[in-house]
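Worth knowing before you read on, the calculation uses all heavy atoms, side chains too, and leaves out hydrogens, waters and symmetry mates. Since the structure is predicted, the reported quantities are computational estimates derived from the model, not experimental observations.
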Amino acid sequence: MEQWVLKQCQSYAADKLATTLLNQRAPKIYQPDPDDPTGKKRILDSEATAAIQERGTELASQFEEWVMKSPEVQAEIVKIYNERYNRSVVKLYDGSSLSVNGLAKQYQLRPHQQNAVTRIVQERRAGLAHEVGSGKTLTLLASSMKLQELGVISKPMFVIPKPLVEQFGREIYKYFPESKVLIATTEDFSKDNRKRFISRIANGNYNAIVIADSQFGKVAMSKEYQEFYINNEIDQAREALENSDSGNKYTVKRIERKIEGLEKRLENLQKTDTDTFINFEELGIDFLSVDEAHNFKNIAPYTQLENVKGVADTRSQKAMDLMMKIEYLHSLYDNRNVVFSTGTPMSNSVVELYTMMKYIEPDVLERYGVANFDSWVSSFGVIDNNFELTAAGTFKINRRFTKFGNVPELMKMFRESWDIQTSDMLDLPVPEAVTTPHYTTVTSAQAEYIDDLIQRATEIESGSVKPYEDNMLKIVGENRKLTLDMRALDDSIYSDIDSDKLNQVVANVFQIYQENDEKKSTQMIFSDQSVPYKYRNSQTYNLDGTINTFSAYDEIKAKLVARGIPEQEIRFIHEATDKNKESMMRDMRTGKIRVLIGSTSKAGTGLNVQDKLIAVHHLDVPWRPSDITQRNGRIIRQGNENPLVQIHFYITKGSMDSFLWQTQEVKKNFIEQIMNGQSAAREMEELTTDTPSPASFKAAANGNPLQAEFMKLDMELQVLKRSRTRFYEGKATDQNRIGEEKNRLSSFEKRLENVEKDLSNIKETKGNPFSLELLYNGQSKYFNDQDKKSDVGEFFAKRLNGNILQYQVSTERIALTSLGHYRGFELVHQVASSTDNTNHDLILKGNAQYSVRVDVSAPTGILTRIDNKIDEGIARDFENTLNEIDRLKNAINKIEEAENAPYPKEEEYKEKMERYNDLKESLEAERSGKVGDVTSDYEKFEENEMEM
C-alpha cells in the first residue's frame with residue numbers, strides 16, 4: 001500500500017500541485033472503484049490524497065520559510081502588498097456643526113450620530129455597524145431627512161423587519177413629527193389592497209416610505225430588468241465555468257447546477273406572487289435604507305473553491321431580490337444611495353464582511369482587486385483540508401476556513417464605507433452591567449445521561465456507528481436539553497428533582513422581584529428551547545414515543561406564580577401578535593408586566609422594553625456570539641432608568657455549558673476588538689458554529705488539561721510569530737539599505753579623492769595675484785588686482801541679476817549658467833534656485849563641486865564669500881566627507897555581520913511550534929476528520945427547534 005501511495009504522489013506533477021494550492025483548492029488523488037465492474041467509476045483515494053496534501057503543506061511551509069529568509073523577495077512582496085492595500089487612510093467625518101430641519105426640539109443627535117449622518121450626506125452610502133441600542137433608527141432617519149433637505153433625494157424607502165415596522169413608524173413621528181410618512185401594514189399587501197398601496201408609493205410625495213422586508217420582495221423589478229439581471233448572472237456563471245479547471249468535476253457540476261437554476265428562474269419569471277401593475281423602477285425610489293441588514297447575508301458568490309464550509313452554495317430569494325434592486329440603484333447613482341444598518345455585521349463567519357461590502361461598496365472591492373470572491377479569499381482567508389466520514393462509511397474531503405489574515409487591511413477596506421461604533425467607542429448613557437454566573441452541579445440522572453453521551457461519542461469516534469444512526473448533532477442537542485432540564489428529554493421518566501437549573505433561575509428571579517418591587521423593575525428570561533406547550537409548531541416526543549408536554553417556560557411561570565407573583569405579571573413573548581405586541585411592550589415599559597420570557601429570535605431584536613429592566617437571565621447558550629449581543633442589548637440600552645443592571649448566566653457543571661459559554665464569549669470579545677480596531681492581531685480565527693467533535697465533547701465533559709496547555713501555547717506563539725516576523729522584516733529592510741549605503745560609500749570615496757585634489761591645487765595657487773574671468777555677452781572680461789574690488793563686485797552683481805532677468809523672460813529657460821573662472825574653479829550660477837533677487841546660489845566646479853550663496857545687495861562681499869569657501873569651506877568639506885565615509889563603513893559592517901544571524905528565539909519558537917502541532921493533532925484529530933458544519937442546519941431549522 002505504501003508503494004502505491006508513493007507512486008500516486010510521484011505521478012502528481014509539482015507544477016500541478018503548486019497551481020492547485022495557488023488557486024486555494026485541495027489536491028486530490030482518485031483510484032478505480034473496486035466495486036465497479038466497468039472500471040469507469042473512480043473514488044477518492046484517502047491515503048494517497050492525505051499524502052499529497054501533506055506534500056502540499058510542506059511546499060507551502062517551505063515557500064513561506066524561503067520568503068522569510070529571503071529579504072529581497074520579502075521586500076518585493078511587501079512593496080506590492082503596500083501598493084495595493086496600504087495606499088490610503090480611512091476618512092474621518094466631523095458632524096459637530098450638523099443641523100437637521102424638522103427634528104423635534106427635545107431630541108438631539110449624539111456625536112457618533114452626527115458623524116454618521118455627515119458620512120451618509122457626503123458619501124450617499126454607508127453601512128451602520130453600530131452597537132445595539134446606540135440609536136441607529138434616528139441616524140437612518142436624520143440622514144434621509146438631511147439629504148431631502150439638501151434636495152439630493154426625494155423618495156426614500158426603509159426596509160424593516162416585519163415585527164418592527166409599526167415601531168419604526170412611531171419613531172419617525174416621534175423624531176420628525178411634521179414628516180409625511182407612508183407605512184405598509186399587513187392589510188396593505190393583501191391581494192385586494194396591494195395595487196392601491198403600490199400606486200400610493202408611485203404617485204405620493206413622502207418623507208419616508210416604510211415597508212416590511214417580506215413585503216419588499218413582492219414589489220418586483222420589471223420583467224425586462226429581471227431578464228437582464230438573470231442573464232448577466234448566467235454570463236458570470238459561464239465565465240466562471242470557462243475559467244475553472246476542467247478536471248475539477250465538483251466545481252464544474254456546481255456551476256452547471258447554478259446555471260440550470262438561473263435558467264429555470266428565467267422560465268418561471270413573473271409566476272410568483274409579485275405585482276406587475278407597477279414595478280420597482282416605476283416607483284421613483286431614489287434612496288434605500290435596510291435595517292437589520294444581516295438578515296440578507298445569504299448571497300452565494302461565484303467561486304472555484306470546492307466544498308468549503310462557510311461559503312454559501314445557494315442564494316436566498318430575498319437576498320437575490322435585494323441585490324438586484326441595489327445593483328439597479330447603483331447603476332443610476334454611481335454605487336451610491338444605499339444604506340445598511342445592523343448591530344452585528346459579522347455573526348457566523350468573517351466571510352460575511354465580503355457580503356456586506358459587496359452590497360454597499362462593490363467599487364471599493366474593485367479598486368483593491370478583490371471584487372471576485374476567490375481573489376478576496378486569497379488575500380484574507382486561510383483554508384484547511386480535512387477528511388469527513390460519510391453516511392456510507394467512506395471518506396470525503398471537508399474544507400473550511402480556519403482563520404483570516406491581514407486583518408488590519410481587511411478592516412480598513414471595510415471601514416471605507418462602513419461606520420463602526422462599538423460599546424467601547426461610545427459614551428452612551430447606558431447602565432453598567434454586572435455579570436454573574438450561576439453554577440449547578442449535575443444530578444445523578446444528568447451524570448448518568450452524560451456518561452451515556454460520552455459513550456456514544458466514543459462509538460462515533462471509533463466509527464462503529466454510522467452518521468445516520470447517531471451523530472454529534474444529536475448528542476449536542478440532547479446535551480443542551482439535559483442542561484436545561486431532564487424533563488425536556490423525557491417527562492415520563494424524569495421529574496423536578498432530576499435537574500436544578502430552573503429552580504435556581506426561579507429563586508433568583510423572585511429575589512430580584514421582591515428587592516425591586518417598589519420600583520416595579522422588570523426582568524427578561526431567555527431560552528431557545530422548551531417553549532410554551534401552547535405555542536409549539538410541532539410536537540416533541542419522549543424516548544418511548546409518547547408526546548412530551550413539558551415546557552421550561554410553563555414550568556418557570558408556574559413556580560413563580562406559586563411563590564406569589566401575579567400570573568398577569570408574567571408573560572411569554574409568544575403571546576405577542578401584530579395587534580397586541582405594542583400594548584405588551586408598553587406594559588413592560590411601565591412595569592405592569594414584571595417578567596417576560598422569550599427566545600433569541602422572538603425577543604432578542606426589536607424590543608424596546610428597557611425602561612425598567614433590571615435583570616436578564618440566560619438559561620441556555622445561543623448559537624452565535626451576535627445572539628448574546630442582541631439579548632443583552634435589551635437591557636444595556638439608552639432609556640433604562642436603572643444605573644446598575646444584572647446579567648445572569650446559568651451553567652451546569654460537567655456538561656458542555658461551560659465550554660460553549662467560554663467559546664462564545666471569546667469569539668464575542670475578539671469580534672469587538674477587531675471591529676473597534678483595538679486588536680493588533682494580523683490574524684483571527686474563523687467564527688464557526690460547528691458541532692464539537694467527539695474528542696472535544698469528551699474533553700469539555702470530563703476536563704482535559706491539554707486543552708489549557710494548547711490555548712496557552714497558542715497565545716505565546718502569537719507573540720513569538722509577530723516578533724519573528726518583525727525580525728525578518730528588519731532583515732529585508734537592511735538588505736535594501738546595505739545596497740544603498742554601498743553606493744553612497746563609493747560616491748563619497750570618489751568625492752574624497754577629488755576634494756583632496758582641489759585642496760592641493762588651492763595650496764599651490766595660494767599666493768598667486770588676483771585674477772577673475774567673467775563671461776558677458778559671449779565675451780570674456782578679465783579683472784586683476786589693478787581693478788577696484790567695489791567695481792568688480794558691482795559688475796559681478798549685475799551679471800547675476802542679468803541672468804535672473806533673462807531666465808524670467810526667456811521661453812527656453814536655462815537653469816545653470818557658466819559665469820567664468822576664479823582661482824582654478826569654474827563659477828556656475830544656479831539661476832533656477834536664485835529667483836528672490838537677493839540671494840544667489842553659485843557652484844564652484846573643480847575636481848569636485850561646492851555650493852556657496854552670495855548676496856547681490858552687498859556686491860563687495862561676493863568675492864569675500866567665495867574666498868572663504870575656497871580657503872576654509874572646502875577643508876571642512878574634506879573632514880565631513882571623511883566622517884561620512886567612516887560612518888558608512890561602520891553601518892555596512894554591522895549589517896553584514898548580522899546578515900546570517902538567526903532569530904534570537906528561533907529554538908524556543910521551533911520547540912513551542914512542535915509542541916503546539918502535537919497538541920493540535922491530539923485535540924483536533926477527530927474534528928479534522930468528522931466535524932459537521934451545522935450553521936445552515938441551525939439557521940434553516942432554528943425556528944422549528946425553538947418551538948419544540
Tell me whether Lys602 forms a cation-pi arrangement with Tyr535, defined as NZ or CZ under 6.0 Å from the six-membered ring centre and within 45 degrees of its axis. no
Nearest 0.5 Å please: distance from the [atom1] atom of [X] over to the [atom2] atom of [Y].
X      : Y      : atom1 : atom2 : result
Ile593 : Ile570 : CD1   : CD1   : 11.0 Å
Lys358 : Met323 : NZ    : CE    : 7.0 Å
Arg367 : Ser88  : CZ    : OG    : 6.0 Å
Asp94  : Arg119 : CG    : CZ    : 13.0 Å

ring-ring contact (aromatic ring centres under 6.0 Å, His included): which pairs involve residues 119-153, sequence neighbours left out? His112-His130
Output every pair passing ring-ring contact (aromatic ring centres under 6.0 Å, His included) with a member in residues 137-165, not counting sequence neighbours, ordered by first then second residue.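 Those involving residues 137-165 are Phe158-Phe168.
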Testing the 3.5 Å rule here: is there a donor-acceptor pair between the side chains of [X] and [Y]?
X      : Y      : value
Tyr553 : Ser599 : no
Ser134 : Gln421 : no
Arg110 : Gln638 : yes
Asn115 : Thr118 : no
Asn580 : Ser583 : no
His617 : Gln523 : yes

[X] atom [atom1], over 12 foreign heavy atoms within 6.0 Å:
X      : atom1 : answer
Lys412 : NZ    : yes
Leu92  : CG    : no
Lys91  : NZ    : yes
Glu178 : CD    : no
Glu582 : CD    : yes

According to the interplanar angle, ranging from 0 to 90°, do the rings of Phe340 and Tyr359 count as parallel (below 30°), tilted (30 to 60°) or perpendicular (above 60°)? tilted
Angle between ring planes, Tyr354 versus Trp376, binned at 30° and 60°: parallel, tilted or perpendicular? tilted
Student check: side-chain heavy atoms of [X] and [Y] closer than 4.5 Å:
X      : Y      : answer
Asn335 : Glu361 : no
Ile198 : Phe189 : yes
Tyr175 : Leu103 : yes
Lys162 : Gln215 : no
Val100 : Phe176 : yes
Ile209 : Lys155 : yes
Val219 : Leu283 : yes
Lys325 : Phe216 : yes

Please check if the side chain of [X] supplies one atom and the backbone of [Y] the other of a donor-acceptor pair under 3.5 Å.
X      : Y      : value
Asn640 : Ile635 : yes
Asp334 : Arg336 : no
Glu569 : Pro566 : no
Glu366 : Ala371 : no
Asp286 : Ile153 : no
Asp587 : Lys592 : no
Ser144 : Leu141 : no
Glu149 : Asn101 : yes
Asn231 : Glu227 : yes
Arg637 : Val430 : no

Residue pair [X] / [Y]: nearest heavy atoms and the distance that separates them:
X      : Y      : result
Met145 : Ser179 : CE-CB, 3.7 Å
Ile647 : Ile636 : CD1-CD1, 3.8 Å
Ser417 : Ile360 : CB-CG2, 3.9 Å
Ile573 : Leu596 : N-CD1, 3.8 Å
Met413 : Leu365 : SD-CD2, 3.9 Å
Glu641 : Lys612 : OE2-NZ, 3.2 Å

Worked check of salt bridge (Lys or Arg N to Asp or Glu O under 4.0 Å) between Arg631 and Asp528: CA-CA 11 Å; Arg631 284 182 175 188; Asp528 290 342; 3.2 Å; yes
Using the side chain to side chain contact (heavy atoms under 4.5 Å, CB included) rule, take Gln167 and Thr137 through it: C-alpha gap first, then chi angles, then the decisive distance, then the call. CA-CA 10 Å; Gln167 176 183 308; Thr137 299; over 6 Å; no
Salt bridge check, Glu166 against Lys581: does any charged N sit closer than 4.0 Å to a carboxylate O?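 No, no charged N to carboxylate O under 4.0 Å.
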Check the pair Asn642, Leu613 against side chain to side chain contact (heavy atoms under 4.5 Å, CB included), reporting the backbone distance first and the verdict last. CA-CA 7 Å; Asn642 299 297; Leu613 204 52; 5.5 Å; no
Can you spot which of Glu171, Arg589, Arg634 makes a side chain to side chain donor-acceptor pair (under 3.5 Å) with Asn608? Glu171
Please report the C-alpha distance between Val159 and Ile211 in whole Å, then the side-chain angles of each, then the deciding distance to 0.1 Å, and finally whether the side chain to side chain contact (heavy atoms under 4.5 Å, CB included) criterion is met. CA-CA 5 Å; Val159 180; Ile211 188 170; 4.2 Å; yes
Tyr225: ring pair (Phe, Tyr, Trp, His ring centres under 6.0 Å) partners, not counting sequence neighbours: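 Per chain and number, Tyr225 pairs via ring pair (Phe, Tyr, Trp, His ring centres under 6.0 Å) with Phe228, Tyr328.
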With side chain to side chain contact (heavy atoms under 4.5 Å, CB included) as the criterion, how do Glu416 and Glu123 come out once you've worked through the C-alpha distance, each side chain's angles and the decisive distance to 0.1 Å? CA-CA 10 Å; Glu416 284 207 22; Glu123 307 296 339; over 6 Å; no
